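First comes the structure, then the notes that go with it.
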Amino acid sequence: MIDINLLRTHLQDVVTSLKTRGFVFDNQFFLEIESKRKNIQIKTQEVQQERNSLSKEIGILKSKGEDASQTLEKVAQISSLSKQLESDLNEVQELLTNYLLQIPNLPHSSVPVGSDEKSNVIVKTEGKIKSYDFPVMDHVDIGELIGLDFEVSTKISGSRFSLMKGDLARLHRAIGQFMLDMHTENHGYTECYTPYLVNDQSLLGTGQLPKFGDDLFMTKKSDNENLYLIPTSEVPLTNTVRDLIISEDDLPIKLTAHTPCFRSEAGSYGKDTRGMIRQHQFDKVEMVQITKPEDSYKALEEMLGHAENILNELELPYQVVTLSSGDMGFGAAKTYDIEVWLPSQNQYREISSISNCESFQARRLKARYKNHDGKNELVHTLNGSGLAVGRTMVAILENNQDKNGNVHIPRVLQKYMAGKEIIYSKK
RNA sequence: GGAAGGGUGGAUGAGUGGUUUAAAUCGCACGCCUGGAAAGCGUGUUCAGGUUUUAUGGCCUGACGCGGGUUCGAAUCCCGCCCCUUCCGCCA
């Protein structure tokens with residue numbers, strides 16, 4: 001949620017900024033509803049004040065044993081007026097916050113302006129793309145030779161799920177373990193185990209609700225309560241600080257978790273239907289940082305470095321792009337995507353997304369810290385994949401294949417695979 | 001799932017319809033005292049919002065788990081829900 005005071009004081013700037021990310025701000029609606037809110041609120045508070053003082057008078061009169069019927073009569077009218085105004089005020093305020101919840105975050109000044117991914121800017125390209133003297137297979141063809149079985153997963157659950165067996169399943173586990181170990185042992189994150197089902201308050205806090213409910217899998221807890229499968233562990237990790245006032249000494253908070261993620265991919269029919277690129281269920285190791293406002297952009301660079309370290313260790317070629325204003329997610333002020341090289345597609349594909357949400361989520365979460373002046377100030381929240389496990393495995397299969405369809409296990413993963421160096425194909 | 005008890009400012013905890021402006025204690029901050037400290041004494045110490053002010057601030061509204069209701073007036077009474085504790089049942 002963006003700061004309503006910004007809308008009151010710098011409306012035009014906000015409108016212009018939002019336009020760069022394709023959001024059309026309803027100026028007239030806002031001004032209308034805001035002035036209505038102001039009028040009703042002032043009037044409501046006046047009436048409440050009068051009611052309170054008259055009610056107090058009644059109390060005093062009665063305690064003295066005097067007759068209060070005249071005052072009672074007077075306050076009866078005021079009281080019903082007050083009720084009416086209170087409900088009017090509620091209505092207007094609900095309208096206003098509902099609108100505010102729909103508004104995406106403002107892009108940071110360093111974000112390239114553009115309407116879609118075509119305006120993304122490549123920051124750097126790392127690693128050497130191998131050349132292959134044989135026709136490369138994609139990960140589905142390789143996978144089928146070493147334990148990837150979409151026929152079975154389709155039978156069990158339908159499309160966009162996968163089932164792995166044997167060394168491949170172990171490789172998948174090894175990747176997650178390795179990433180988690182890197183973040184906890186070398187990057188200073190605290191490992192977390194989190195719920196995979198979360199309530200709607202949590203999703204409202206991180207911005208998936210109310211606007212993107214269609215992308216979530218929902219379960220029913222009871223007649224009047226639903227729980228949602230997490231689309232990313234950003235949700236539980238970031239919500240750890242909801243409704244908290246954190247002491248300055250405890251910042252930054254750096255959390256990581258390896259969890260499955262569940263997405264209905266409602267708006268992506270026909271995209272990446274083959275293979276493991278776009279699934280309803282996938283594993284991801286997530287990094288989350290909670291920082292002081294002045295530290296958040298330093299933290300963003302740091303997190304990018306942490307994700308890059310993983311790819312460097314795995315010896316996978318990648319590039320880093322800064323997302324343009326129109327390509328960023330709802331809550332982000334600035335986002336870096338890391339894209340890994342996939343030989344079968346002859347292009348880089350997203351494997352990580354690292355965002356600074358500034359105070360956007362913190363405002364929804366009521367996540368604050370006590371600054372050195374003793375004032376409560378909203379924290380900044382950042383999240384990033386470090387990395388998507390399934391897509392990392394895809395990249396390893398494709399980049400490390402040989403002409404016999406064997407997959408060479410990256411050196412850093414071998415200790416997680418009992419020293420195994422190659423997964424041999426059944427070809 | 002069943003039964004009982006509970007949820008009040010940073011902590012403990014009092015408060016069963018009206019001077020509650022949420023007591024008291026602890027903690028914390030500042031001041032006095034002191035060579036310095038402790039003790040003691042004094043003062044202060046929640047959040048959100050509105051409005052006004054150059055500003056410190058002032059005035060006002062709301063918040064006692066959440067949401068409704070009754071009432072001129074609700075922390076207090078009524079209804080629904082959530083969470084916690086203990087016991088029972090089930091279960092890994």
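Residue numbers begin at 1 in each chain, while the letters A, B, ... track the order of the sequences. Keep in mind the model is a prediction, meaning the values are calculated, not measured.
- Between A:Ala307 and A:Ile354 the shortest heavy-atom distance is CB-CD1, 3.8 Å.
- Residue contacts for A:Arg8: at a heavy-atom cut-off of 4.0 Å it reaches the sugar-phosphate backbone alone, with no base atom in range.
- Rounded to whole Å, the C1' atom of B:C87 lies 29 Å from the corresponding atom of B:C78.
- Here B:G49 sits opposite B:C60 as a Watson-Crick or G-U wobble pair (both hydrogen-bonding atom distances under 3.5 Å).
- When only modelled atom types and interatomic distance are considered, A:Tyr336 and A:Glu301 share a side-chain donor-acceptor pair under 3.5 Å.
- For A:Gln279 and A:Glu265, the side-chain atoms include no donor-acceptor pair closer than 3.5 Å.
- Looking at which nucleotide of RNA chain B each of A:Arg368 and A:Gln48 is closest to, the 5′-most match is held by A:Arg368.
- You'll find that the side chain of A:Lys83 is closest to B:U71, out of B:U71, B:U51, B:C72.
- Spacing between B:A23 and B:U45 at atom P, rounded to whole Å, works out to 11 Å.
- In this model, the phosphate group of B:C83 is approached by a side-chain N or O of A:Lys221 to a distance below 4.0 Å at OP1 or OP2.
- Residue A:Lys56 places its side chain closer to B:U21 than to any other of B:A48, B:U61, B:U21.
- Comparing A:Glu86 and A:Ser55 along RNA chain B, the residue whose closest nucleotide (by nearest heavy atom) sits nearer the 5' end is A:Ser55.
- Taking 4.0 angstrom as the limit, A:Asn52 places a side-chain polar atom (N or O) nearer than this to OP1 or OP2 of B:G62.
- Straight-line distance from the CD atom of A:Gln201 to the P atom of B:G65: 18 Å, rounded to whole Å.
- The closest side-chain donor-acceptor pair between A:Asp13 and A:Thr16, if any, does not fall under 3.5 angstrom.
- If you check the side chains of A:Thr256 and A:His183, you find no donor sitting under 3.5 Å from an acceptor.
- Taking the side chain of A:Val75 as heavy atoms from C-beta on, and the options B:G49, B:C72, B:C60, the nearest nucleotide is B:C72.
- Look at A:Ser79 and you'll find a side-chain N or O under 4.0 angstrom from OP1 or OP2 of B:G73.
- The base-pairing partner of B:A29, taking Watson-Crick or G-U wobble contacts with both distances under 3.5 Å, is B:U43.
- Base pairing of B:G80 is made with B:C66, judged by Watson-Crick or G-U wobble geometry with both donor-acceptor distances under 3.5 Å.
- Base orientation at B:G9 is syn, since its O4'-C1' glycosidic dihedral falls within 90° of 0.
- Using modelled atom types, one finds a donor on one side chain and an acceptor on the other under 3.5 Å when comparing A:Thr232 with A:Lys284.
- The nucleotide B:C72 finds its pairing partner in B:G18, both defining distances of the Watson-Crick or G-U wobble pair being shorter than 3.5 Å.
- The base-pairing partner of B:G35, taking Watson-Crick or G-U wobble contacts with both distances under 3.5 Å, does not exist among the strands shown.
- Remark: P of B:G80 and CD of A:Glu225 are 17 Å apart, rounded to the nearest angstrom.
- Between the CG atom of A:Asp200 and the C1' atom of B:C81 there is a distance of 13 Å, given to the nearest Å.
- At whole-Å resolution of the value, CD1 in A:Ile58 and C1' in B:G73 are 7 Å apart.
- To the nearest angstrom, C1' of B:U19 lies 12 Å from CG of A:Leu61.
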